[in-house]
Every structure is written in C-alpha cells, then in structure tokens.
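What follows is one structure encoded as structure tokens, with my remarks underneath.
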2 protein chains.
Amino acid sequence: MKRKPSTEATSAWIRLMRVQSRVLDCVEQDLKKAGFPPLAWYDALLELSRAPSGELRPVELERQMLIPQYSTSRLIDRLVDEGLASRRECKIDKRGQFVEITEAGRELQKRMWGAYSTAIEKYVGSKLSDADAVKLSGLLDRLGCSCGEMKLPPVHVNETTPSR
Amino acid sequence: MKRKPSTEATSAWIRLMRVQSRVLDCVEQDLKKAGFPPLAWYDALLELSRAPSGELRPVELERQMLIPQYSTSRLIDRLVDEGLASRRECKIDKRGQFVEITEAGRELQKRMWGAYSTAIEKYVGSKLSDADAVKLSGLLDRLGCSCGEMKLPPVHVNETTPSR
DNA sequence: CCCCACTCAATGCACCTGCATCAATCTTGA
DNA sequence: TCAAGATTGATGCAGGTGCATTGAGTGGGG
C-alpha cells in the first residue's frame, strides 16, 4: 500500500532538487568562467592526490566517487589525455591497472581548490551560519542512508535455493 | 578577497550534492522501473495541466521549469512526438506558439503522480518528520535565493553610460 | 516607412551519459 | 586441473545537454 507523502515532505523534496541544481550550476559556472574543467575532474584529482603514492585502481575511484564504471573509465581517459594522470599496468592483476596523478594533476587540483572554495563560500558559507550548516548536514544525512538497495548482491534468487 | 568556507559549510555543500544525486537517482529509477518517462516530462506536463486551458508559451514553461531555452524546445519536441502535447500557432505573435497538453498528457501526468508520490514518500517522507521536513525546506530556501545574478539585464555597461 | 535592435524558437555541432556488451583475466569448486 | 562464473575495464550506440548561431517576427525611433 502506498502512503502519500505529506505536503511538508513534498515541499522539502522540491526544494532539495531546485536548490541543489541552482547552486551546483552557479558553482560550475564560476569554475568554468575561471577557465577550469568540470567539478568531476576536481573530485577525481582530489581522490587520487589523497591516495597513498597518488594512485588508485579505477574500481576504487569508482567507489569513492559513486559514479558508474563506464563513467570512471571515460573520465580517466580525459584526465590522461590532458596529462593530469597516467595509467600504469597492475602487475598482480593483469585485468586491472593503476591510475596515477601527475604533477600537473596535483597542481591543477590545488589551483581549482582556490576557485572552488571561493564559490562554496559565496553560495553556501555566506548564506548559512556554521550552526545552520551543521543542521542542514544532519537533515541531509538522514536522507542519504540506505537510499539504494544497499548493494544486495544480485544473486539469482529465482531458483529454489533458500536465497543465501 | 576570498574568505574560505568553514568546514561546516563545505561539509553541508558536499552532502547537498551527494544526497541530492542519490535521492534523485532512486526516484528516477523507480519511475523508470514502473515504465514511466523521466521526471522532466512530469514537470512539464504538470505545468501545462495547471495552466489555464492547458496551454503555455514555451517561454513561460522555460521560466517555470528553470531550464534553458533550447532544452525546453527539445522537451516539447519529445512530448509532441509522444502525443502528450501539441503545438498551436499563436495568432497575435507569429514568432511564438502555444503548447497544449493533450488528454493523453493529462492522463500520463496523473498516472505518474502515483508512482512519483510513492517514491517521494519512500525516499523523503518516511525519513523525516514533518517538522524536520519544514526545517530542511527552510535551510534550503536560504541557499536558493539570489543565487544567480538575479536577472540583471545584461545591458552593455562597457560604454561610458552611467550604467542605468 | 524603414532600419535596427530585440524576442521567440529551432538546430548543427561537440561532447557527455546510460545501457548493453565484450574481451581479458582471475577465482572457485568439483 | 579445468570449466563456470565473477570481476575489471573498454566501447558502440542511442539519446541528452550546452553553446553558438540562425531565422522569423515584432516594435520603436528617426
């Protein structure tokens, strides 16, 4: 049976969608106007720069960034094309590889953070007290958890097997 | 000068991005699994169905939905292709046109609301009390206002004109 | 009246995304 | 040991999006 959402919940949903897309747009525009690539590049470079010895398996990056596998693959393509990262083969698992951030990559990540942090302050920080930012984070966190099916291994349950 | 955002603000920003994309994804997936088109179609159909006599100028729709002009144009194309709306010429302004929702469009909008509202309840309503939903809306609203340049008419201020 | 600036809408192009699938390799278990 | 299945990463294709431009139409000042 389907309980309907309250008007309060619906209204929160609508605001979440609209405000996020507006704010994201603003930030992306500021970055673009400053001559920087999209935010996704920043995220990837940040993850790589944080990783021990600056390299990760694509599959790790994928999990960190919560984006699909093919998306990761192509993002890495672009980073490599621009000389911001390089692929290294993985000795122990020849299917896999390592992606390593280059000096140029590290440098771009740092320069982007300048513009990025300014934009965050402009569009978020300056609109909210720290206490309110904490409240907002808390409320959002309540929505975030167990949203997807929490990675139920998609075993074939259609057989008569007692389902795990 | 660039004040840096507090860690609280940054954390709120990150959660806003991540939670929104996760929740939106879940809702879109549920709709898709139920055999429905994307949410943008619903939004457009809803705006049209609300409009007096079920029709709007594309430019109105654009303003309601906060999406760019070309995006509206192509969305209308798709709705028309599927028989959910139709274009009518505008007598008084021959550049323009009216977009009118069809019976099929109204019906689809209603059927989608069934699945849509269920999803909102599942991913938002059930996670938050009404009071918390109101708090969340309030905090988000503070971010939403005057995010863009608030439609400053882009006059050519580069001349020596005293800028309005 | 006519020209110029503006508005409304469509579209060509490049790029990006999702989906399905592939090939290569690893792992498991009979 | 070897076949079946799982995992890693790439890619062809279809469709969506942003950007810039076009083209038609309007309207106001000279």
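Excluded from the calculations below are hydrogen atoms, water molecules and symmetry mates; all remaining heavy atoms, backbone and side chain alike, are included. To find a chain, count down the sequence lines: A is the first, B the second, and so on, and within it residues start at 1.
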Checklist outcome for this item: Sorted by chain and residue number, the side chain to side chain contact (heavy atoms under 4.5 Å, CB included) partners of B:Ala104 (sequence neighbours excluded) come out as B:Leu84, B:Thr102
Contact between [X] and [Y] at the side-chain level, heavy atoms closer than 4.5 Å - yes or no?
X        : Y       : value
B:Trp41  : B:Leu31 : no
B:Tyr123 : B:Val27 : yes
A:Thr118 : B:Pro5  : no

For [X], enumerate each residue passing the side-chain hydrogen bond (donor to acceptor under 3.5 Å, both in side chains) test, keeping only those at least two apart in sequence or located in another chain.
X        : result
B:Ser11  : B:Arg15
B:Arg74  : none
B:Glu82  : none
B:Asp132 : A:Arg142, B:Ser129, B:Lys135

Side-chain atoms of residues 51-63 of chain B: list all donor-acceptor pairs with protein atoms under 3.5 Å, sequence neighbours left out, distances to 0.1 Å.
{"unit_1": "B:Glu55", "atom_1": "OE1", "unit_2": "B:Arg88", "atom_2": "NE", "d": "3.0"}
{"unit_1": "B:Glu55", "atom_1": "OE1", "unit_2": "B:Arg88", "atom_2": "NH2", "d": "3.1"}
{"unit_1": "B:Glu55", "atom_1": "OE2", "unit_2": "B:Arg88", "atom_2": "NH2", "d": "3.1"}
{"unit_1": "B:Arg57", "atom_1": "NE", "unit_2": "B:Gln97", "atom_2": "O", "d": "3.2"}

Next on the checklist: Can you list, in residue-number order, the parts of residues 47-63 of chain A that come under 4.0 Å of DNA chain D, counting heavy atoms only?
Outcome noted: A:Arg57, A:Pro58, A:Val59
Checklist entry - In which ranges does DNA chain C form stems of 3 or more consecutive Watson-Crick or G-U pairs, distances under 3.5 Å? => result C:1-30 with D:1-30
Check: protein-nucleotides 15-18 of chain D nitrogen or oxygen pairs below 3.5 Å:
{"unit_1": "D:dG18", "atom_1": "OP2", "unit_2": "B:Tyr70", "atom_2": "OH", "d": "3.4"}
{"unit_1": "D:dG18", "atom_1": "O5'", "unit_2": "B:Tyr70", "atom_2": "OH", "d": "3.1"}
{"unit_1": "D:dG18", "atom_1": "N7", "unit_2": "B:Arg74", "atom_2": "NH2", "d": "3.4"}
{"unit_1": "D:dG18", "atom_1": "O6", "unit_2": "B:Arg74", "atom_2": "NH2", "d": "2.8"}

To the nearest Å, how far apart are [X] [atom1] and [N] [atom2]?
X       : N      : atom1 : atom2 : answer
B:Gln97 : D:dA24 : CD    : P     : 16 Å
A:Leu79 : C:dC16 : CG    : C1'   : 14 Å
B:Arg87 : C:dA9  : CZ    : P     : 10 Å
A:Ile92 : D:dG9  : CD1   : P     : 11 Å
A:Leu39 : C:dC16 : CG    : P     : 14 Å
A:Ile76 : D:dT11 : CD1   : P     : 12 Å
B:Glu89 : C:dC8  : CD    : P     : 18 Å

Next on the checklist: Using a 3.5 Å distance criterion without hydrogens, assess whether the side chain of B:Ser71 forms a donor-acceptor pair with backbone atoms of B:Ile67.
Outcome noted: no
Checklist entry - For D:dG9, does either OP1 or OP2 sit under 4.0 Å from a side-chain N or O belonging to A:Ser73? => result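 No, A:Ser73 has no side-chain N/O under 4.0 Å of OP1/OP2 on D:dG9.
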Next on the checklist: Working to the nearest 0.5 angstrom, can you tell me the gap between A:Arg95 CZ and A:Cys90 SG?
Outcome noted: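 Reported to 0.5 Å precision, the distance equals 9.0 Å.
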Item to check | Reported CG-to-NZ distance for the pair A:Leu140 and B:Lys127, which is rounded to 0.5 angstrom | outcome: 12.5 Å
Next on the checklist: Same cluster or not: B:Ile14 versus A:Val134, using hydrophobic residues (I, L, V, M, F, W, Y) connected whenever any side-chain heavy atoms lie under 4.5 Å apart?
Outcome noted: no
Checklist entry - What's the verdict on salt bridge (charged side-chain N to carboxylate O under 4.0 Å, His left out) for A:Lys32 and A:Glu28, showing C-alpha distance, side-chain angles and the deciding distance? => result CA-CA 6 Å; A:Lys32 175 176 285 194; A:Glu28 289 268 25; over 6 Å; no
Item to check | Plane angle bin for B:Tyr116 and B:Tyr42 - parallel if under 30°, tilted between 30 and 60°, otherwise perpendicular | outcome: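 The arrangement is perpendicular - the two ring planes meet at more than 60°.
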Checklist entry - Under the salt bridge (charged side-chain N to carboxylate O under 4.0 Å, His left out) test, which residues partner B:Glu103, sequence neighbours left out? => result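 B:Glu103 satisfies salt bridge (charged side-chain N to carboxylate O under 4.0 Å, His left out) with no residue once adjacent residues are dropped.
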Please tabulate, one pair per line, each protein N/O and nucleotide N/O from nucleotides 21-25 of chain C that are separated by under 3.5 Å, including the distance.
none

Write down the protein N/O and nucleotide N/O pairs, taken from nucleotides 3-5 of chain D, whose separation is under 3.5 Å; answer none if there are no such pairs.
none

